[in-house]
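From a predicted model like this one, the values you see are computed outputs, not experimental measurements.
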Amino acid sequence: MSTVFNVNSLARENVRQLVPYMSARRLGGNGNIWLNANEYPIAPDFQFSEKTLNRYPECQPASVIQRYADYAGLQPDQVLVSRGADESIELLIRVFCEPGKDAVLFCPPTYGMYSVSAETFGVEQKKIPTRTDWLPDIAAIENNLDRVKLIYICSPNNPTGNLIAPAALRQILELARNRAIVAIDEAYIEFCPQHTTTRWLRDYPHLVILRTLSKAFALAGLRCGFTLASPDIIALMLKVIAPYPLATPVADIAAQALTEAGINIMKDRVEEVVKNRTYLQQTLNELAMVEKVFPSETNYILVKFTDAEIVFRTLWEQGIILRDQRRQAGLDNCLRITIGSRNECEQLVSAISTLGSQAQPLKETENP
């Protein structure tokens, strides 16, 4: 009598127990106003021009590397391009962390892929909660550096939207000197470019900076990210990266986006997003169901509602899709809202305002 084969019995234990990162698309939704993935609301116009799809692409396309190096003010040997910044997060773990021996450290609430990537590779995670102001707890980090080989710091931080103070970043870099890599995730730095840490690379050989074309460059569907670091770190990462990380069409469009004209378009886009962000922050602050709108240096805002469950579900049913953050530490009743077009922002405000006016009489009846 044959037995039923259970493939799970062959999988690694940590993978069987793993809770995957729930990206916006995996969470689903059925709407026409997508404000849950920090995307730009309008597709950019690029044309694929390469005619060499019969050939494998370059591992590190020269034009993409050179143009990003010029954009970042670095040398080409300080730049690595990958399948989104997410691949860089994993490459760093593969290069620097031995499962069962080393650990990574990060400070929740923050981007979920640091945890998922570490768990996937069986590397211990040291989760050091931020302070109430969402800045790193430097003393706690210092007391938990044993066996830590890699520290992830997201600045501006996702999902809170705040910058990490330069003084705090320097403290972490000094604590980690000669013992760990510090990876500063600058996925949203185009919205506050004066705060980039690229100029620090000369002073901190253990600093790594993660970048992406998904946000301000409006190319989330391209899956193109960058690692900025010392030539020695880039050389190590090149040892473990996939042979052909960028498809030919991806490299072609990325190179177009990084021309002078493409960068200027990106800057205009950022200016538009910042204006819409200011409008949305000011308008939401006036609504009854909004408890607090937090400051942001990104293309999204974090909002604390009096009842986030009602807001999230009601808008979901109306086709306005937000990102629920209530399960993250310290984010009770908080939703993250991507800055959409002005029309999308206005529809969002109208929907929450209408919901608030409907809920108010109910509150008064329940609490005479």
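- For S341 and N343, the side-chain atoms include no donor-acceptor pair closer than 3.5 Å.
- Y279 carries R342 over the face of its six-membered ring, with the cationic atom under 6.0 Å from the centre and within 45° of the normal.
- In summary, of the residues considered (D86, N157, N158), a side-chain hydrogen bond (donor to acceptor under 3.5 Å, both in side chains) with Y111 occurs for D86 alone.
- Contact annotation: the side chain of L91 never approaches that of T227 to less than 4.5 Å [non-hydrogen atoms, C-beta and beyond].
- Linking Ile, Leu, Val, Met, Phe, Trp and Tyr residues whenever their side-chain heavy atoms come within less than 4.5 Å leaves V250 and Y244 in two separate clusters.
- Both Y68 and L74 belong to a common hydrophobic cluster when Ile, Leu, Val, Met, Phe, Trp and Tyr are linked at side-chain heavy-atom distances under 4.5 angstrom.
- Counting only N and O atoms by type, the side chains of Q125 and S115 include a donor and acceptor under 3.5 Å apart.
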Using the rule given for side chain to side chain contact (heavy atoms under 4.5 Å, CB included), can you reason through F48 versus T248, listing the C-alpha separation, both sets of side-chain angles and the distance that settles it, and then say yes or no?
CA-CA 9 Å; F48 175 52; T248 297; 4.3 Å; yes

Residues C107, I141; criterion side chain to side chain contact (heavy atoms under 4.5 Å, CB included); working and verdict:
CA-CA 9 Å; C107 304; I141 291 174; 3.9 Å; yes

Would E186 and T197 count as a side chain to side chain donor-acceptor pair (under 3.5 Å) here? Give the steps.
CA-CA 9 Å; E186 292 189 348; T197 56; 2.9 Å; yes

Quick one: do E271 and K267 satisfy salt bridge (Lys or Arg N to Asp or Glu O under 4.0 Å)? Show the steps, please.
CA-CA 6 Å; E271 184 177 346; K267 291 178 178 178; over 6 Å; no

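- Transitive grouping of hydrophobic side chains (ILVMFWY, heavy atoms separated by less than 4.5 Å) keeps Y56 and I65 in distinct clusters.
- A salt bridge does not link E174 with R170: none of the charged nitrogens is closer than 4.0 Å to a carboxylate oxygen.
- The closest side-chain heavy-atom distance from Q171 to P136 is not below 4.5 Å.
- The aromatic rings of F191 and Y188 are tilted relative to each other, their planes meeting at an angle between 30° and 60°.
- Using a cut-off of 4.0 Å between Lys/Arg side-chain N and Asp/Glu carboxylate O, E124 and R147 are scored as salt-bridged.
- Using a 4.5 Å heavy-atom threshold, the side chains of C97 and V104 count as touching.
- S230 and Q78 form no side-chain donor-acceptor contact under 3.5 Å, judged by distance and modelled atom types alone.
- Checking Q325 against Q328 by side-chain atom types alone, a donor-acceptor pair falls below 3.5 Å.
- At a threshold of 4.5 Å between side-chain heavy atoms, the hydrophobic network of Ile, Leu, Val, Met, Phe, Trp and Tyr places L280 and W34 in one connected group.
- In N54, the CG atom is crowded: over 12 heavy atoms of neighbouring residues, nucleotides or ligands sit closer than 6.0 Å.
- In this view, N144 satisfies the side chain to side chain donor-acceptor pair (under 3.5 Å) rule with no residue, not counting sequence neighbours.
- Ring geometry, F312 versus W316: the interplanar angle falls from 30° to 60°, so the pair is classed tilted.
- Side-chain contact between L145 and R179 is present, with heavy atoms from C-beta onward closer than 4.5 Å.
- Contact of the I184 side chain with the V208 side chain is not registered, since no non-hydrogen atoms from C-beta on lie closer than 4.5 Å.
- Of the N and O atoms on the side chains of R323 and N38, not one donor lies less than 3.5 Å from an acceptor on the other residue.
- Here F106 pairs with nothing under the ring pair (Phe, Tyr, Trp, His ring centres under 6.0 Å) rule; sequence neighbours left out.
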Please assess E309 against R313 for the test salt bridge (Lys or Arg N to Asp or Glu O under 4.0 Å), listing each intermediate value before the final yes or no.
CA-CA 6 Å; E309 171 69 17; R313 290 299 171 190; 3.7 Å; yes

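- Side-chain contacts under 4.5 Å among hydrophobic residues (ILVMFWY), followed directly or transitively, place F294 together with W134, L302, L331.
- With a 4.5 Å cut-off on side-chain heavy atoms, L258 and F217 count as touching.
- You'll find the side chain of N285 stays beyond 4.5 Å of the side chain of Q282, heavy atoms only.
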Please report the C-alpha distance between R223 and S214 in whole Å, then the side-chain angles of each, then the deciding distance to 0.1 Å, and finally whether the side chain to side chain donor-acceptor pair (under 3.5 Å) criterion is met.
CA-CA 7 Å; R223 306 308 303 131; S214 295; 3.2 Å; yes

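- With a 6.0 Å radius and a threshold of 12 heavy atoms from other residues, nucleotides or ligands, Q75 has its CD atom at or below the threshold.
- Under the 3.5 Å distance criterion, with hydrogens and angles disregarded, a donor-acceptor pair is assigned to the side chains of Y40 and E272.
- A cation-pi geometry, defined here as NZ or CZ lying under 6.0 Å from the six-membered ring centre and within 45° of its normal, does not hold between R211 and F226.
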Evaluation steps, side chain to side chain contact (heavy atoms under 4.5 Å, CB included), between N162 and L135
CA-CA 8 Å; N162 64 296; L135 292 179; 4.1 Å; yes

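- Between E39 and T338, the side chains place no donor N or O within less than 3.5 Å of an acceptor N or O (distance only, hydrogens not considered).
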Steps toward side chain to side chain contact (heavy atoms under 4.5 Å, CB included) verdict (V270, D268):
CA-CA 5 Å; V270 166; D268 290 341; over 6 Å; no

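- Looking only at side-chain heavy atoms (C-beta outward), L322 and L348 come within less than 4.5 Å of each other.
- Side chains of R277 and Y300: no donor on one and acceptor on the other come within 3.5 Å.
- For the residue pair Q256 and D252, a side-chain donor N or O sits within less than 3.5 Å of a side-chain acceptor on the partner.
- Shown here is R327, whose CZ atom has no more than 12 heavy atoms of other residues, nucleotides or ligands within 6.0 Å.
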